[in-house]
Amino acid sequence: MVSSLMEIDMQVKQGFKEIISFIHQSLSTELTIETKSNRRDLVSNIDKEVEAMIRAKIKEHYPSHEIIGEETKQTEELQSLEHVWTIDPIDGTTNFLKQIDHFCVLISYYENNVGKLGYIYDVMNDDLYHAMENEGAFLNGVKIISPAPISLEDGLVSCDIGRWHTKSNFAKLVNQCFDIRNFGCGGIDSIHVFHGKFAAFVNSDSGPWDLAAQLIFAKELGLKMSKFDGSPVDYLVGGDYILANAGCYEDIVSIMKGYES
Ligand code: IPD
Ligand code: CA
Ligand code: CA
């Protein structure tokens, strides 16, 4: 049986109720925390449990669909690209663990490499952002208006200062934009670009789960999204990316060209 995007969207929204309630309950429980690639790269039992819950829900309705999840990566194991989901169960894990409000759940759904549905659930504000191919982007069901052009000179730019302060590109960006801000949660930083509060979010070393949903929002909102050199982002690979308002995108690409990680 082939499900319409509307049906899938309804199921995801229904599924979020249980997931978000579980995350809220987890805030008062004792967490098990482990390090991953380095001492700043943390994962908790809740990240893993939320991913398992989302996976189980997808598999219950769509057993043949493929899933790329941050905590159980398997891009290399995909059998088909016909139906692919990405999951970042808790985006902004450091904030979550340090009890800072800015963390979210990121989910996307692609068919044959085309982004169909994107979700960003801002947990503490209880705000659900969703985007559907050719239908637009929405906050709690209300359509988001594409932001007006913002020049780099007037724009706030988000990037991870801790990771970037030694980069010459970063110094140029700081000099040319209005100022720098960063929530430490790619999903929440991206939301600020959707609303035109930030001119851009510039991020490095992302996994597919960090950017796949945002690609769908960017298309629906007329925003620009690419790698640092201006080439297209591959949602199956991840990597470095610029999500920017059309009014400053070209300037940021010029600054980021030649970036070395
Ligand atoms: C990270 C956050 C961070 C961004 C990193 C992501 P995580 O996700 O979104 O703001 O700069 O690139 O990996 O590890 O908290 O899911
Ligand atoms: Ca993430
Ligand atoms: Ca995560």
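In listed order, ligands and their atoms are each counted from 1.
At under 3.5 Å, a nitrogen or oxygen of Arg163, whether backbone or side chain, sits near a nitrogen or oxygen of ligand 1. Considering backbone and side-chain N/O atoms, Asp160 never comes within less than 3.5 Å of an N/O atom of ligand 1. Residue Cys185 places at least one N or O, backbone or side chain, under 3.5 Å from an N or O of ligand 1. Between Thr93 and ligand 1, a contact under 3.5 Å exists for at least one N or O pair. An N or O contact shorter than 3.5 Å is missing between Asp189 and ligand 1 by distance.
Contact annotation: Ile90 has at least one heavy atom less than 4.0 Å from an atom of ligand 1. Residue contact annotation: Gly207 has no non-hydrogen atom under 4.0 Å from ligand 1. Using a 4.0 angstrom heavy-atom cutoff, Asp205 does not count as in contact with ligand 1.
Ordered by chain and number, Glu70 OE1, Asp88 OD1, Ile90 O make up the set of protein N, O or S atoms under 3.0 Å of the Ca ion (ligand 3).
With His192 as reference, Phe183 is the one residue of Phe217, Tyr129, Phe183 to meet the ring pair (Phe, Tyr, Trp, His ring centres under 6.0 Å) rule. For the side-chain contact (heavy atoms from CB on, under 4.5 Å) criterion with Asp127, the lone passing option out of Leu139, Ile188, Ile120 is Leu139.
You'll find the side chain of Leu243 reaches within 4.5 Å of the side chain of Met225, heavy atoms only.
Atom CD1 in Ile255 sits 6.5 Å away from atom CG in Asp251 (nearest 0.5 Å).
Under a cutoff of 6.0 Å and an axis angle of 45°, Lys257 and Phe228 do not form a cation-pi pair.
Lys59 contributes a side-chain N or O that, together with a main-chain N or O of His65, makes up a donor-acceptor pair within less than 3.5 Å.
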